[in-house]
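These figures come from a predicted structure and were not determined experimentally.
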Amino acid sequence: MTNFPARHANRVAVVTGASSGIGEATARRLAASGAAVALIARRADRLQTLAEGIERDGGTALVLAADVADAEATRAAAAEVEAKLGRADLLFNNAGVMLAAPIDELATGDWQRMIDVNMTGLMNAIGAFVPHLVASAAEKGVADLVNTSSIGAQAVFPSFAVYVASKAYVTHLSKNLRADLGPKSVRVAAIEPGLVETELQGHVTDAGALEWLDGARETLTWLKPDDIAETVAFLTSLPARVNLQQVTVMPTAQV
């Protein structure tokens with residue numbers, strides 16, 4: 001693990017969607033700069049491997065196998081974080097799924113799964129951990145809520161209508177949450193990545209969407225999960241008076 005300044009020392013960070021991609025990379029990055037990291041995702045085996053790697057490098061990690069779409073399980077995870085690590089003062093609300101199909105195919109099961117994870121799951125994590133953040137901010141002077149959105153929140157992508165709508169929800173919600181949480185010293189940020197090499201593309205089965213993604217791979221150098229992890233680490237280590245509320249992170253060549 002790269003040695004980073006201990007800018008997150010004495011912080012308790014919760015990462016949802018931590019079993020792969022951006023979540024995994026961000027958990028590693030926050031642990032490397034001193035945070036005790038709670039890892040939430042459905043795949044316990046992947047989380048255990050991640051936790052073991054973090055601990056070998058001298059970090060602290062707690063495995064919490066849970067589906068954020070399950071409100072009760074998410075609340076139970078929050079209680080376990082507080083019992084074993086202390087109150088969270090950083091939530092990286094990152095769990096998500098990306099499924100694509102032309103809207104007239106009426107892939108209602110896929111629509112519901114994206115709503116359940118990208119929107120309801122986001123709110124379940126907020127409901128479970130915002131009390132931690134508010135209490136931590138009162139004690140420490142600052143806490144952070146970072147939500148993973150997408151460049152899709154600002155753009156139009158054929159066959160991705162429900163996915164990008166769910167991400168527009170994340171961006172707009174994040175802006176509004178600042179009105180409630182900013183006065184309580186809880187910073188709120190939405191990160192809107194462009195094309196990032198993660199497992200999300202593996203969720204896609206629509207032939208047209210896959211063709212578009214394959215074409216983008218041939219013409220662009222995509223972002224890596226570590227790029228987003230570094231962004232999260234940066235904005236959560238700024239002075240308490242500074243809130244980067246909306247950060248769009250794009251591959252240099254992606255228009």
Distance, nearest 0.5 Å, that separates CZ of R56 from CD of E52: 6.5 Å
Exam field: side chain R187 to backbone V242, donor-acceptor pair closer than 3.5 Å: yes
Side-chain touch L30/T236, heavy atoms, less than 4.5 angstrom: yes
G23 backbone acceptor or donor facing T26 side chain under 3.5 Å: no
Shortest non-hydrogen contact between A78 and A128, atoms and distance: CB-O, 3.6 Å
D89: which of H132, H8, E139, K140 passes side chain to side chain contact (heavy atoms under 4.5 Å, CB included): K140
Heavy-atom closest pair, residues A27 and L50: CB-CD2, 4.2 Å
Side-chain touch W111/L106, heavy atoms, less than 4.5 angstrom: yes
Any T221 side-chain heavy atom under 4.5 Å of P251 side chain: no
For V12 against G86, the heavy-atom pair lying closest together: CG1-O, 3.9 Å
Beyond-backbone contact of F129 with I40, side-chain heavy atoms, under 4.5 angstrom: yes
M250 vs I151, side-chain contact (heavy atoms from CB on, under 4.5 Å): CA-CA, chis, key distance, verdict: CA-CA 8 Å; M250 297 286 283; I151 186 57; 3.7 Å; yes
Side-chain donor or acceptor of N118 paired with backbone N/O of V97 under 3.5 Å: yes
Pair I54-T60, side-chain contact (heavy atoms from CB on, under 4.5 Å): steps then yes or no: CA-CA 7 Å; I54 288 172; T60 299; over 6 Å; no
Spacing of E197 atom CD and I22 atom CD1 [to the nearest 0.5 Å]: 11.0 Å
Any donor-acceptor pair under 3.5 Å from R29 side chain to I228 backbone: no
Sub-4.5 Å side-chain heavy-atom contact between D110 and T108: no
Check: S20/R43 side-chain N/O donor and acceptor closer than 3.5 Å: yes
Considering all heavy atoms, the nearest L64-L47 contact: O-CD1, 3.7 Å
Main-chain N/O of R46 paired to S19 side chain as donor or acceptor, under 3.5 Å: no
R42 CZ: over 12 foreign heavy atoms closer than 6.0 Å: no
Within-4.5 Å side-chain heavy-atom neighbours: P225 and T198: yes
T74 side chain to N124 side chain, donor-acceptor N/O pair below 3.5 angstrom: no
Donor on one side chain, acceptor on other, S174 and Q245, under 3.5 Å: no
Side-chain (S159) to main-chain (A100) donor-acceptor, under 3.5 angstrom: no
Backbone N/O of H172 and side chain of N176: donor-acceptor pair under 3.5 Å: yes
Sidechain-backbone polar pair: D57 side chain, G59 backbone, donor-acceptor under 3.5 Å: no
Any T120 side-chain heavy atom under 4.5 Å of L122 side chain: no
Counterpart residues, side chain to side chain donor-acceptor pair (under 3.5 Å), relative to S149 (two or more places apart): T171
From L85 atom CG to L62 atom CG, the distance as rounded to the nearest 0.5 Å: 5.0 Å
Straight-line distance of E82 CD to E80 CD, nearest 0.5 Å: 12.0 Å
Euclidean distance, L133 CG relative to L90 CG, rounded to 0.5 Å: 8.0 Å
Minimal non-hydrogen separation, E55 against A61, with atom names: OE2-O, 3.2 Å
Within one Ile-Leu-Val-Met-Phe-Trp-Tyr cluster: V156 and Y163, side-chain cutoff 4.5 Å: no
salt_bridge(R11, D144) N-O dist < 4.0 Å: yes
Test item: D227 side-chain N/O and K224 main-chain N/O as donor-acceptor pair under 3.5 Å: yes
D45 side chain reached by T49 side chain, heavy atoms, under 4.5 Å: no
Single-linkage hydrophobic cluster, 4.5 Å side-chain cutoff, V142 and V188 together: no
Derivation and outcome, side-chain contact (heavy atoms from CB on, under 4.5 Å), residues L244 and L238: CA-CA 9 Å; L244 298 184; L238 290 168; 3.9 Å; yes
Atom CG of N10: over 12 foreign heavy atoms under 6.0 Å: no
Heavy-atom pair with the smallest gap, counting every atom of A25 and D226: CB-OD1, 3.4 Å
E230 and F4: CA distance, side-chain angles, deciding distance, side-chain contact (heavy atoms from CB on, under 4.5 Å) verdict: CA-CA 11 Å; E230 190 63 34; F4 293 101; 4.1 Å; yes
Spacing of T16 atom OG1 and L91 atom CG [to the nearest 0.5 Å]: 6.5 Å
